[in-house]
Each structure stands twice: as C-alpha cells, then as structure tokens.
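Atoms considered below: every heavy atom in the structure, side chains included; atoms not considered: hydrogens, waters and symmetry mates. Just so it is clear, the structure is predicted and the values come from calculations on it, not from any experiment.
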Amino acid sequence: MKDFFQNYKFLVALTILLSISCQNKITEKEENQELIDSTSVSVSNDDSVDKSFDYYPTSTSNQIIQHDNYTLSYKEEYEQAEWVAYELKKGRYSNQDYQRPFFIEDPKVKTGSADWRNYKNSGYDKGHLCAAGDMKFSKAAFEETFYTSNISPQDREFNSGIWNRLEQKTRYWANKYDGIYVVTGGVLKDNLETIGKEDVAVPDYFYKVLLNKNNGNYKMIAFLIPNEDSEKGLYEFVVSVDEIEKLTGINFFPKLEDSIENQLEKSSDYKNWSF
C-alpha cells in the first residue's frame, strides 16, 4: 500500500509538471503570434509606401485601355492614343534582343485601333509611344508594345533621331533616379495631315512628361518636340507641363496634391535633371 501511495504522488506531480510545461508553451506560442501579428501590421501600415497615388492623366476620350505594363487613352477620331502612361523602374529594362513581332490591332479598343496598313507607303514610321526598349524586361512586355493603339505616325528622321535620344535619356534617368513615371503622346488637334484609309492623324508635335518621386520629394520635366529631324540638344525642348496641358486639354498627374502639382507644372527648369 505504501508503494501505491508513493507511485500515486509521483504521477500527480508529473501531471502537474506536464500541465505547467504545456501552458508555458501555449503562452510562448501566443506571444510569438502576437509578435508576428504586430510586425505584419507595422509593415502593412508603412507610410513610406504610397499606395494611393494615381499617376494617370485625365482622358478626353473616356476610352482608357489598361494593359499589363502600360495604360493608354485612345482617341478614335485620330486613330491613336492621346497619351500612354507607365512606370519605368530602375534596372527593369535590359539589352535583350527580342525578335520584333508584327503590329496587330488592340483587342481591348472597342472602337477598333487603326490597321498597320495605314502606315504602308505613307512615308512615316510606326512610332512607339510606350517605347519597346522600355519593356525589354520580358518577352511578353516587349511584344505588348506592338499593338497599333501604341503607335503614331512619326517622321523617320525624328523617330530614329531626337525621339530615340529622348527615349534613351529617359531610361538613363529611370536608373539614375530610382524609377520614373512616363506619359507620352502626340499633340492631337483639328486639321492635321492624315494617312491611310482610316485617316490616321499625323501630329505636328510629340510630348513626353516625366515625374520622379524620391524620398518623398517630387520633380518633373516635360518635352515638346516637332515631328521632324533635329540635331538640337534635348534641353532646348524643355517646356512647362502647363504649356502641354493648354495644347492637349489633358490634366497631367491630377491626383498630386494641388500645391505640389501647381509648383511642378508651371516650371520649365531642368537643372535638377542630369543631361
């Protein structure tokens, strides 16, 4: 009987110890989960990540088409986009030599984007708005730039010359300044020259507006370049965004805080951009 009581006391003590150990493990697990939860909340509420900023311009056509890597506003009466917008991230592009695909009509444009044959024997290039060179980080992204909604008639010397120089400089700035937002298009207006059976308008001028945000600080630069050959320096075509807005009727970066937007858009100062 004595041995029985001794064994019983031992079992009770062992049970108590096991219970305390399990409770400690549960408490430790709960504390760890609280730590994980609090860390997750901290990350998701990081004020340095600006998830609300919308960098798209306003659309005068109300036909906005969103592709995987760029967005455009298609203007049916001119058979091209009034603007194409995208983010060009640092180091996202490459020198990958993808085979150029055929241009095809954009299946997302409800009114139908212009057939590439409009450009045949026109004397004008099928000029990219969202540059194919900006989308070489993948084959799919590169090929996506060959929708006819993303092209506009460009003088051949302009396309291969000053416009190409500006596209290269844009990629340089994206790498130097840790990414930029790009908006580009032709200035569309009445009584422009047209090409092809669908009367694709030939812009007299093309623009490119760039916005950089770094450590909460914004800077902006805009270019307005005649659709013709030029040997001038790029800086000679810098204008204020306000000037391009007056020509196009488009409001660029309307979601920016008004005080920031107004200050940036009235300036044509390019000293903060490395030429």
Side-chain angles (χ1 to χ4, degrees), residues 53-61 70-73 75 78 80-90 127-131 133-134 150 152 154-155 158-159 161-189 192 203-214 217-275:
F53 177 55
D54 176 358
Y55 63 92
Y56 297 123
T58 57
S59 170
T60 68
S61 68
Y70 65 90
T71 299
L72 62 90
S73 173
K75 198 116 177 181
Y78 298 99
Q80 62 196 275
E82 63 177 341
W83 55 256
V84 172
Y86 55 99
E87 183 179 5
L88 186 56
K89 297 182 179 179
K90 178 180 180 179
H128 279 80
L129 297 177
C130 173
D134 291 351
N150 182 46
S152 180
Q154 293 184 340
D155 176 90
F158 167 84
N159 185 26
I162 192 166
W163 191 247
N164 181 54
R165 284 194 280 135
L166 180 55
E167 288 176 338
Q168 292 184 39
K169 183 64 73 173
T170 299
R171 289 190 280 274
Y172 166 78
W173 282 328
N175 188 62
K176 182 178 179 65
Y177 301 129
D178 197 21
I180 52 178
Y181 297 109
V182 182
V183 185
T184 191
V187 176
L188 305 179
K189 61 179 184 178
L192 290 172
D204 293 330
Y205 291 86
F206 284 88
Y207 68 84
K208 194 178 290 289
V209 181
L210 308 176
L211 175 69
N212 170 253
K213 180 187 178 185
N214 199 347
N217 297 314
Y218 291 97
K219 64 180 179 179
M220 187 182 292
I221 192 169
F223 298 85
L224 183 66
I225 308 178
N227 188 9
E228 60 188 25
D229 186 27
S230 177
E231 298 297 327
K232 293 181 179 180
L234 288 172
Y235 63 89
E236 295 190 56
F237 297 99
V238 174
V239 299
S240 69
V241 175
D242 282 341
E243 182 175 342
I244 299 176
E245 288 185 336
K246 289 176 183 177
L247 290 172
T248 61
I250 298 168
N251 183 8
F252 295 89
F253 307 114
K255 296 296 181 68
L256 277 176
E257 183 181 331
D258 286 344
S259 60
I260 297 175
E261 182 185 7
N262 293 336
Q263 180 181 2
L264 291 173
E265 291 186 351
K266 70 181 180 181
S267 174
S268 58
D269 188 356
Y270 54 83
K271 65 182 180 181
N272 290 326
W273 297 80
S274 175
F275 280 85

- Item | Backbone N/O of K255 and side chain of D54: donor-acceptor pair under 3.5 Å | no
- What's the spacing between D178 CG and K89 NZ if we round to 0.5 Å? 10.5 Å
- Query: Distance-only, no hydrogens or angles: does the K169 side chain make a donor-acceptor pair with backbone N or O of F275 under 3.5 Å?
  - Reply: yes
- Query: With sequence neighbours excluded, what pairs up with E228 under the side-chain contact (heavy atoms from CB on, under 4.5 Å) test?
  - Reply: P226
- Message: Nearest 0.5 angstrom please: D229 CG to N159 CG, how far?
- Response: 11.5 Å
- How many angstroms lie between CZ in F158 and CH2 in W163, if you round to the nearest 0.5 Å? 5.0 Å
- Non-hydrogen side-chain atoms of Y218 and L211 separated by less than 4.5 Å: yes
- ring pair (Phe, Tyr, Trp, His ring centres under 6.0 Å) with W83: which residues, sequence neighbours excluded? none
- Look at the side chain of N150 and the backbone N and O of C130, then say whether any donor-acceptor pair between them is shorter than 3.5 Å. yes
- Residues K232 and R165: closest non-hydrogen pair is O-NH2, 3.1 Å
- Item | Heavy-atom side-chain contact between F206 and L129 under 4.5 Å | yes
- Query: If you measure from CG on L166 to OG1 on T184, what distance do you get to the nearest 0.5 Å?
  - Reply: 7.5 Å
- Hits for salt bridge (charged side-chain N to carboxylate O under 4.0 Å, His left out) against D204, two or more places apart or cross-chain, chain-then-number order -> K189
- Okay, side chain of N212, backbone of G179: is any donor-acceptor separation there less than 3.5 Å? yes
- Item | Counterpart residues, side chain to side chain donor-acceptor pair (under 3.5 Å), relative to T58 (two or more places apart) | none
Name every donor-acceptor pair, under 3.5 Å, that has one atom in a side chain of residues 260-273 and the other anywhere in the protein, sequence neighbours excluded.
{"unit_1": "N262", "atom_1": "ND2", "unit_2": "D258", "atom_2": "O", "d": "3.1"}
{"unit_1": "S267", "atom_1": "OG", "unit_2": "D269", "atom_2": "N", "d": "3.1"}
{"unit_1": "D269", "atom_1": "OD1", "unit_2": "K271", "atom_2": "N", "d": "3.0"}

- Going from OH on Y55 to CG on L256, what distance comes out if it is rounded to the nearest 0.5 angstrom? 13.0 Å
- Residues passing the side-chain contact (heavy atoms from CB on, under 4.5 Å) test with K75, sequence neighbours excluded, are T60, S61, E77, Y78, E82, L188
- Query: By side chain to side chain donor-acceptor pair (under 3.5 Å), which residues pair with Q80, not counting sequence neighbours?
  - Reply: S152
- Within the 6.0 Å centroid threshold, strictly below: Y181 and F253: no
- Task: For residues I244 and A222, report the shortest heavy-atom separation together with the two atoms involved.
- Result: CD1-CB, 3.7 Å
- Partners of T71 by side chain to side chain donor-acceptor pair (under 3.5 Å), sequence neighbours excluded? Y56
- Task: Would you mind listing every salt bridge (Lys or Arg N to Asp or Glu O under 4.0 Å) that reaches into residues 234-254, with sequence neighbours excluded?
- Result: none
- How would you list, by chain and number, every residue that makes a side-chain contact (heavy atoms from CB on, under 4.5 Å) with S274, sequence neighbours excluded? Y172, W173, K176, Y177
- Is any side-chain heavy atom of I162 closer than 4.5 Å to a side-chain heavy atom of I225? yes
- Value for CD (E87) from CG (D134), rounded to nearest 0.5 Å, stands at 12.0 Å
- Task: Can you see which heavy atom on P254 is nearest to which on P57, and at what distance?
- Result: CD-CA, 4.1 Å
- Note on the structure: Taken in chain and number order and not counting sequence neighbours, the residues that satisfy ring pair (Phe, Tyr, Trp, His ring centres under 6.0 Å) with F252 are Y207
- Within a strict 4.5 Å, meaning less than it, do heavy atoms of the L88 and L210 side chains meet? no
- Task: Please list, chain by chain and in numerical order, all residues satisfying side chain to side chain donor-acceptor pair (under 3.5 Å) with E231, sequence neighbours excluded.
- Result: none
